[in-house]
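Here is how names work: the chains are called A, B, and so on, in the same order as the sequence lines, proteins then strands, and each is numbered from 1. None of the values given here were measured: they were computed from a predicted structure.
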Amino acid sequence: MRLCVKKHPYPWSFKMSDLRVRFAPSPTGFLHIGGARTALFNYLLAKKEQGTFVLRIEDTDVERSTQESVDAILQAMDWLGLSYDEGPIYQSDRYELYKSKVSALLDQGLAYRCYCTTEELNAKREAAMKIGGKPRYDGTCRERTDQPDLPYVVRFKTPRDGNTAFVDRIKGTITVENDELDDLIIQRTDGNPTYNFVVVIDDAEMGINLVIRGDDHVNNTVRQIPMYKALGYEVPEFAHVPMILGADKKRLSKRHGATSVMVYREMGFLPEAMVNYLVRLGWSCGDEEIFSMDDLIAKFSLDNVGRSAGVFNPDKLLWLNEHYIKTGDPERLGGLVAEQLEGQGVDVSDGPEMAAVVQTLQDRVKTLVEMAEGARFYFEAPVSYDEAAAAKFLTEEKRVVLELLIKYLGATVSFTLEDVEGAFKAMMEESGLKLGKIGPTVRVALTGGTVSPSIYEVVSVLGKATVLARLQKALASLV
RNA sequence: GCGCUCUUCGUCUAGCCUGGUCUAGGACACCGCCCUUUCACGGCGGCGACAGGGGUUCGAAUCCCCUAGGGCGUACCA
C-alpha cells in the first residue's frame, strides 16, 4: 500500500505509542459535521499510532447541556464507527477537582477575586473600544487585597510581559504578545468553573499530549498555555483543524442545509460515505479519493491536513454515497433498505430476496432513500398505473403483447435471468416484435411506472407467480 | 477597531519546505459525444485556477515585501 509522504517531519515531544488524544464535545445539540470531522481526525490518529482516544463531555454550561444531546452525540459517533478507548468522562462529575485547583491558584496569588459587575465590565469594554483600544478586562481587581462580602468571580492572572507561542502541528508557529491577553474568568459567580480553565485541567489530568480541535480555538490556546504553566502541568502539543464553511464561505450552519450527521443517515447516506467525505475535506493523500476506514488508519497524518478552511460540498458527499452504494454488500444494503421500507409500512417478509432486489438498484440510485423508493414495487403490486404511461403503453392494441408475454413467460419454468431473457428472445423472434414495442408495456404492467431496472432483471427477481399475476391484472385494465 | 490566521479551476485538492520535470495534475459539479428497452451506470472528450502588485533569480504557483479579500477570536458559551 502506498502511504502518504510526510512533508514536515519534525520531532514530537513524546513517544507516538504514548499518544493520547481526545474529543470533547459540549452536549448542547446534535453532533454536527465539523465536530464529527474533529472526532474522526482524533480517532484516526489514535488508531494509527495505537494511542488512546478519550471521549469527554464538556457540560460545564449547565443551562444548555442536556442528556439528550449526549445520547445523540454518542449515537452519531457509533454510527460513524468512531469508538473511544476511555470515557465518556463528564466534567460535571469533576467539580471537586476544579474547585481545588481554583483554591490552589488563589492561595499562590496566581488568581484573584474580581467583584466587577457585568454592567461595569460592559461599560469598560465600550469605553476601551471607543478610544481604539482592546475590549479586555482592565485588571481593576487584580491587585485588590480586601475581600468584601459581595458576589465575585475568580480570574486567572495572565502574565503581562513577554509573549506566548506554540508550534501548531497543522498551522506552524503561532505567537501572541501577552499584553493582548486579559485575565480570564475561571470561576463564575455561581461557583461553576469555566471552559478555558477546566479544559486545561482535564487535558492535563487525563494525560492528553496532543490536542486536536477546531481552528476556532487557536485564540483560546494562547490563553490556556499560561494556565498549564501556573498549574504546574506540562503543555501538550496542539493541532488546530480548519473550519468547515458553507457555500457562502460563512461558518457552516443550519441555513446551509443539514449540519447534523444523523440527518444524513435519515437522508439515506452510508456512514462510510460520510467518513470518506469528511476526511477529504481538509486532508488529502495524493490523488486518492476513496478511502475505507482501514485505509485511513494506515494513511492518515496531520502533516497532510491543509491550513485553510473548506467549503462543505453536498454534491461530493452524494457522489461518494453513490460509490459506496454501488460497491456495497447487497446483503447489508438489503437490511438497511428493508428497515426503510418497513418504516413506510411495506411488508418485505414474503417478497423477493432483498439482496437480489438491491442488486438491480445499486447502479441507479444515490441514497438508501432512493433505493427504498425504487424497491417498493417489488413488494407491492401497483395499485394504479402512471396515467400518462398507461395511456401510451397499456392501450387495447397492446393486448396481443400482454397475451404473448403471458404465454411465453407462463411456459418458462425457471426465472433465472438467462431463462427470462431466453423467453423474451423467443417471443420477439417468433412474433417479430422488437423489444422497444414490448419493454415499456411490461414495465408499466409490472411496476406501475416508466422507470425501473432492466425489465429482464425485474421479471427475474419478481418471480413467475407475481409476474403473471401482474400481467393478468394489466390485461384486465387495458384502456 | 484590535489580535490570530488563511488565499491554486465554482467546490475539495496535488504541487510550495528542497525554484526549472507545471503549456499547473486529480476529483465533484457542469457541458458534449458514445453506449442504451426506461431511468440510471459506464466510456471518451470539453470548460475551468496559481487573489493583485512589486521584487530576488537565467528561471517563481514555489523565496521576500506590500496590498486586497476571507475566516476565527475579542462572553460569568464551549
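The only option from A/Gln359, A/Arg364, A/Arg443 that meets the side-chain contact (heavy atoms from CB on, under 4.5 Å) definition with A/Pro453 turns out to be A/Arg364.
At a cut-off of 3.5 angstrom, the base of B/A29 holds no donor-acceptor pair with the side chain of A/Asn313. No hydrogens or angles were tested; on distance alone, nothing pairs the side chain of A/Asp216 with the base of B/G73 as donor and acceptor under 3.5 Å. One N or O donor and one acceptor, one from the side chain of A/Asn219 and one from the base of B/G3, sit under 3.5 Å apart. Within 3.5 Å, no donor on the side chain of A/Glu288 pairs with an acceptor on the base of B/G26, nor the reverse. One cannot find a donor-acceptor pair under 3.5 Å joining the base of B/C76 and the side-chain atoms of A/Thr194.
Side-chain contact check for A/Asn276 and A/Glu272: no donor-acceptor pair (N or O, by modelled atom type) lies under 3.5 Å. Counting only N and O atoms by type, the side chains of A/Lys392 and A/Thr450 include no donor and acceptor under 3.5 Å apart. Donor-acceptor pairing under 3.5 Å is lacking for the side chains of A/Ser69 and A/Arg64.
When the P atom of B/A78 is taken as reference, atom CZ of A/Arg56 falls 13 Å away, rounded to whole Å. In this structure, CG of A/Asp182 is placed 8 Å from C1' of B/U74, rounded to the nearest angstrom. If you measure from atom CZ of A/Phe424 to atom P of B/U38, you get 15 Å, rounded to the nearest angstrom. A/Asn163 places its CG atom 13 Å from the C1' atom of B/G3, with the value rounded to the nearest Å. Rounding to whole angstrom units, OH of residue A/Tyr152 and P of B/C76 are separated by 17 Å. The distance between atom CG of A/Leu31 and atom C1' of B/A78, rounded to the nearest whole Å, is 15 Å. Remark: C1' of B/G26 and CZ of A/Phe291 are 12 Å apart, rounded to the nearest angstrom. Remark: P of B/C39 and CD1 of A/Ile455 are 14 Å apart, rounded to the nearest angstrom.
Relative ring orientation between A/Tyr264 and A/Phe269 is described as perpendicular, the plane-to-plane angle rising above 60° on a 0-90° scale split at 30° and 60°. Using a 30° and 60° split on the angle between ring planes, A/Phe166 and A/His240 fall in the perpendicular class, above 60°.
Using the Watson-Crick or G-U wobble rule with both distances under 3.5 Å, B/U7 pairs with B/A68. Base pairing of B/A78 is not made with any nucleotide, judged by Watson-Crick or G-U wobble geometry with both donor-acceptor distances under 3.5 Å. Using the Watson-Crick or G-U wobble rule with both distances under 3.5 Å, B/A24 pairs with nothing in any strand shown. Applying the Watson-Crick and G-U wobble criteria (two distances, each under 3.5 Å), B/A49 pairs with nothing in any strand. Under the Watson-Crick and G-U wobble criteria, each requiring two contacts below 3.5 Å, nucleotide B/C16 is left unpaired. Across every strand in view, B/G73 sits in a pair with B/C2 that passes the Watson-Crick or G-U test at under 3.5 angstrom. Base-pair partner of B/G42: B/C34 (Watson-Crick or G-U wobble, both distances under 3.5 Å).
Within the nucleic acid shown, A/Gln362 has no heavy atom closer than 4.0 Å to any nucleic acid atom. Within the nucleic acid shown, A/Ser308 comes within 4.0 Å of sugar-phosphate atoms alone, with no base atom in reach, counting heavy atoms only. Contacts of A/Asn196 with the nucleic acid, taken as non-hydrogen atoms under 4.0 Å apart, include base atoms. At a threshold of 4.0 angstrom between heavy atoms, the contacts of A/Lys434 with the nucleic acid are absent. When heavy atoms are screened at a 4.0 angstrom cut-off, A/Cys114 is found touching no nucleic acid atom at all. When heavy atoms are screened at a 4.0 angstrom cut-off, A/Lys437 is found touching no nucleic acid atom at all. Using a 4.0 Å heavy-atom criterion, one finds that A/Val176 contacts the sugar-phosphate atoms exclusively. Residue A/Asp190 is classed as having no contact, given no heavy-atom separation below 4.0 Å to the nucleic acid. At a threshold of 4.0 angstrom between heavy atoms, the contacts of A/Pro453 include nucleobase atoms, whether or not backbone atoms are also involved. Backbone-only engagement by A/Gly282 is indicated by non-hydrogen atom pairs under 4.0 Å involving sugar-phosphate atoms exclusively. A/His217 comes within 4.0 angstrom of a base, heavy atoms only. Across all strands, A/Leu281 comes closer than 4.0 Å only to sugar-phosphate atoms, never to a base (heavy-atom distances).
Candidate nucleotides B/G26, B/A14, B/U38 were compared by shortest atom distance to the side chain of A/Arg364, and B/U38 ranks first. Ranking B/U13, B/C72, B/A78 by closeness to the A/Arg251 side chain, first place goes to B/C72. Listed candidates were B/G3, B/A78, B/C76. Nearest to the side chain of A/Glu180 is B/G3. Taking every side-chain heavy atom of A/Asp315 into account, B/C28 is the closest of B/C41, B/G73, B/C28. Closest to the side chain of A/Lys249, out of B/G70, B/U38, B/G73, is B/G70. Out of B/A29, B/C76, B/C4, the shortest distance to the side chain of A/Arg188 is found at B/C76. Residue A/Val311 places its side chain closer to B/C12 than to any other of B/U74, B/G71, B/C12. Ranking B/A75, B/A78, B/G10 by closeness to the A/Arg125 side chain, first place goes to B/A75. Considering only side-chain atoms of A/Ile174, the nucleotide from B/G71, B/C4, B/C39 that sits closest is B/C4. Taking every side-chain heavy atom of A/Asp61 into account, B/A78 is the closest of B/C76, B/G26, B/A78.
Within 6.0 Å of CD on A/Gln67 lie more than 12 heavy atoms contributed by other residues, nucleotides or ligands. Other residues, nucleotides and ligands place more than 12 heavy atoms under 6.0 Å from the NZ atom of A/Lys326.
Residue order along RNA chain B, read from the 5' end via each residue's closest nucleotide, puts A/Gly436 first among A/Gly436 and A/Asp59. Taking for each of A/Ile185 and A/Gly310 the nucleotide of RNA chain B with the nearest heavy atom, the 5'-most of the two is the partner of A/Gly310.
Across the C1' atoms, B/C30 and B/C16 are found 30 Å apart, a figure rounded to whole Å. Between the P atoms of B/A60 and B/A51, the separation comes to 15 Å (whole Å). B/C17 and B/A61 are spaced 14 Å apart, taking the C1' atom of each and rounding to whole Å. Rounded to the nearest Å, the gap between the P atom of B/C6 and that of B/U62 is 16 Å.
Within the 4.0 Å cut-off from OP1 or OP2 of B/A14, at least one side-chain nitrogen or oxygen of A/Ser284 is found. The side chain of A/Lys366 contributes no N or O atom lying less than 4.0 Å from OP1 or OP2 of B/A40. Here A/Thr60 reaches the OP1 or OP2 of B/A78: one of its side-chain N or O atoms lies under 4.0 Å away.
For B/C41, the O4'-C1' to base torsion is within 90° of 0; the nucleotide is therefore syn.
With a 6.0 Å cutoff to the six-membered ring centre and a 45° limit on the axis angle, A/Arg37 does not count as a cation-pi contact of A/Trp283.
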TODO: In sequence, state the C-alpha distance, the side-chain angles, and the governing distance for A/Met371 and A/Gln362, and then conclude on side-chain contact (heavy atoms from CB on, under 4.5 Å).
DONE: CA-CA 8 Å; A/Met371 191 177 265; A/Gln362 277 182 293; 3.9 Å; yes

